[in-house]
Amino acid sequence: MKKLLLLASLISLVLNINAREPQEGWKQLGTGTFCDDMFSAISESFLDTWEVEIEESEAMPGLYRLVNPFGNGKCPYFENSFNGNDLIIDATDPEHVWIPLQEMGFSAGDWGEFYICCFNGLMIASEVFTLEELIEFECEFGKLADGRITFPQNEGYRLQPAFSNYLEGTPADGNTHDKFLVTLPTSSGTGSLAIEENSPIEYYNLQGIRVENPTSGYYIRRQGSKSSRVLLR
């Protein structure tokens with residue numbers, strides 16, 4: 001029944017989607033797994049885990065995107081494949097992982113268009129706080145450890161799914177079962193890479209643009225295969 005309900009009014013339903021060609025600026029890591037615990041805001045029956053293809057930004061290591069995670073034909077919520085959007089997760093700083101506000105590119109039945117973010121992503125999109133301020137205020141974030149991306153499960157911090165026709169588009173509480181999990185492909189080696197001591201240090205701004213002579217502020221510091229978000233003073 002739940003599959004039939006979700007299939008109603010799907011936008012851009014397309015059958016037999018194949019793996020896409022490599023895209024400039026992104027490297028394909030392979031197959032990981034995903035449990036969203038966000039559709040569960042509608043029904044607790046939506047707590048499945050399925051395989052997803054995962055890519056990583058070449059300019060900003062740790063910036064991941066799950067390739068069409070809901071429409072890839074493996075999500076058990078839907079019976080067919082369709083063209084949805086990728087899910088971006090910013091884990092450039094493993095201690096401060098966050099999900100920007102983004103439209104997933106499809107409509108789920110009468111609930112309407114589906115959007116995703118984390119609480120910090122909602123604050124940033126609403127221009128209430130900047131990312132730098134949220135870090136400075138020691139707000140809670142998601143974590144990347146041992147190749148697993150997780151988020152806190154408490155009333156002060158929630159993932160924020162939103163459906164345009166559900167509660168008038170007001171973000172609902174997600175991850176209420178503490179089940180949200182992205183497992184990165186083991187071939188990516190995330191969480192076990194060492195810094196190459198002789199590799200040059202590079203700095204990027206938060207938009208992924210390389211900065212030759214950084215001044216004060218937050219930057220992505222990259223040395224070899226390791227990257228982290230740093231505050232220069």
Side-chain angles (χ1 to χ4, degrees), residues 20-30 32 34 52-69 84-105 115-145 147 149-151 159-160 182 184-185 187-233:
R20 66 186 177 194
E21 295 295 323
Q23 298 186 0
E24 183 177 358
W26 294 84
K27 60 181 178 181
Q28 298 173 322
L29 299 182
F34 178 45
V52 293
E53 296 303 310
I54 300 179
E55 300 173 343
E56 183 178 19
S57 169
E58 294 177 345
M60 296 179 65
L63 183 66
Y64 298 105
R65 62 182 186 187
L66 280 57
V67 178
N68 189 18
N85 293 337
D86 300 338
L87 173 59
I88 302 294
I89 301 179
D90 189 332
T92 51
D93 178 352
E95 294 297 316
H96 298 97
V97 178
W98 64 291
I99 300 177
L101 178 63
Q102 52 204 290
E103 181 182 356
M104 296 312 298
Y115 298 79
I116 289 177
C117 66
C118 67
F119 182 78
N120 289 335
L122 183 62
M123 294 296 100
I124 294 169
S126 302
E127 300 183 348
V128 176
F129 297 109
T130 65
L131 176 60
E132 294 79 8
E133 289 172 333
L134 292 167
I135 294 175
E136 184 177 352
F137 297 157
E138 298 184 352
C139 296
E140 289 192 275
F141 281 81
K143 305 290 184 183
L144 168 59
I149 295 174
T150 58
F151 281 85
L159 297 178
Q160 301 285 294
V182 174
L184 299 176
S187 59
S188 69
T190 302
S192 62
L193 293 173
I195 297 177
E196 295 89 339
E197 294 182 356
N198 296 324
S199 298
I201 297 175
E202 301 173 343
Y203 289 93
Y204 297 82
N205 63 22
L206 299 183
Q207 289 71 48
I209 300 173
R210 185 172 177 178
V211 179
E212 295 294 340
N213 299 298
T215 55
S216 60
Y218 281 93
Y219 294 89
I220 303 300
R221 179 184 185 275
R222 179 178 180 182
Q223 184 177 24
S225 302
K226 183 72 174 180
S227 64
S228 61
R229 193 187 307 274
V230 296
L231 174 61
L232 301 182
R233 300 182 184 277

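Quick note: residue numbers are just sequence positions, from 1.
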Query raised in the report: Any donor and acceptor pair, going by atom type alone, linking the side chain of Q102 with main-chain N or O of I88 inside 3.5 Å?
Result: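 The answer is yes, because a donor-acceptor pair under 3.5 Å joins these two groups.
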Report task. Would you check if the side chain of E56 reaches a backbone N or O of G62 as a donor-acceptor pair within less than 3.5 Å? Result ->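 Answer holds: yes.
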Query raised in the report: Charged N to carboxylate O under 4.0 angstrom, K143 versus E95?
Result: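 E95 and K143: salt-bridged.
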**Report entry** Candidate pair L87 and I99, rule side-chain contact (heavy atoms from CB on, under 4.5 Å), full reasoning
**Finding:** CA-CA 8 Å; L87 173 59; I99 300 177; 4.1 Å; yes
In Å, rounded to the nearest 0.5 Å, how long is the span from [atom1] of [X] to [atom2] of [Y]?
X: Q28; Y: I54; atom1: CD; atom2: CD1; value: 12.0 Å
X: E132; Y: I124; atom1: CD; atom2: CD1; value: 8.0 Å
X: L144; Y: D90; atom1: CG; atom2: CG; value: 11.0 Å
X: N120; Y: F151; atom1: CG; atom2: CZ; value: 8.5 Å
X: D86; Y: N68; atom1: CG; atom2: CG; value: 7.0 Å

Nearest heavy-atom pair of [X] and [Y]: which atoms, and what distance?
X: L232; Y: T215; result: CB-O, 3.4 Å
X: I201; Y: R221; result: CD1-NH2, 2.8 Å
X: E103; Y: N85; result: O-ND2, 2.7 Å
X: Y64; Y: W26; result: C-CZ3, 4.2 Å
X: W98; Y: G121; result: CE3-CA, 3.9 Å
X: T92; Y: I220; result: OG1-CD1, 3.6 Å

Report task. Please report the C-alpha distance between Q23 and R65 in whole Å, then the side-chain angles of each, then the deciding distance to 0.1 Å, and finally whether the side chain to side chain donor-acceptor pair (under 3.5 Å) criterion is met. Result -> CA-CA 12 Å; Q23 298 186 0; R65 62 182 186 187; 2.6 Å; yes
Query raised in the report: Step by step, would you call Y218 with T130 a side-chain contact (heavy atoms from CB on, under 4.5 Å)?
Result: CA-CA 11 Å; Y218 281 93; T130 65; over 6 Å; no
**Report entry** Enclosure of F141 CZ (heavy-atom neighbours >12, cutoff 6.0 Å)
**Finding:**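 Atom CZ in F141 is packed in, count exceeds 12.
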Query raised in the report: Side-chain contact, heavy-atom cut-off 4.5 Å: R210 with E202?
Result: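 Of all side-chain heavy-atom pairs linking E202 with R210, at least one is under 4.5 Å.
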Query - side-chain contact (heavy atoms from CB on, under 4.5 Å) assessment of L231 paired with I135 - result: CA-CA 10 Å; L231 174 61; I135 294 175; over 6 Å; no
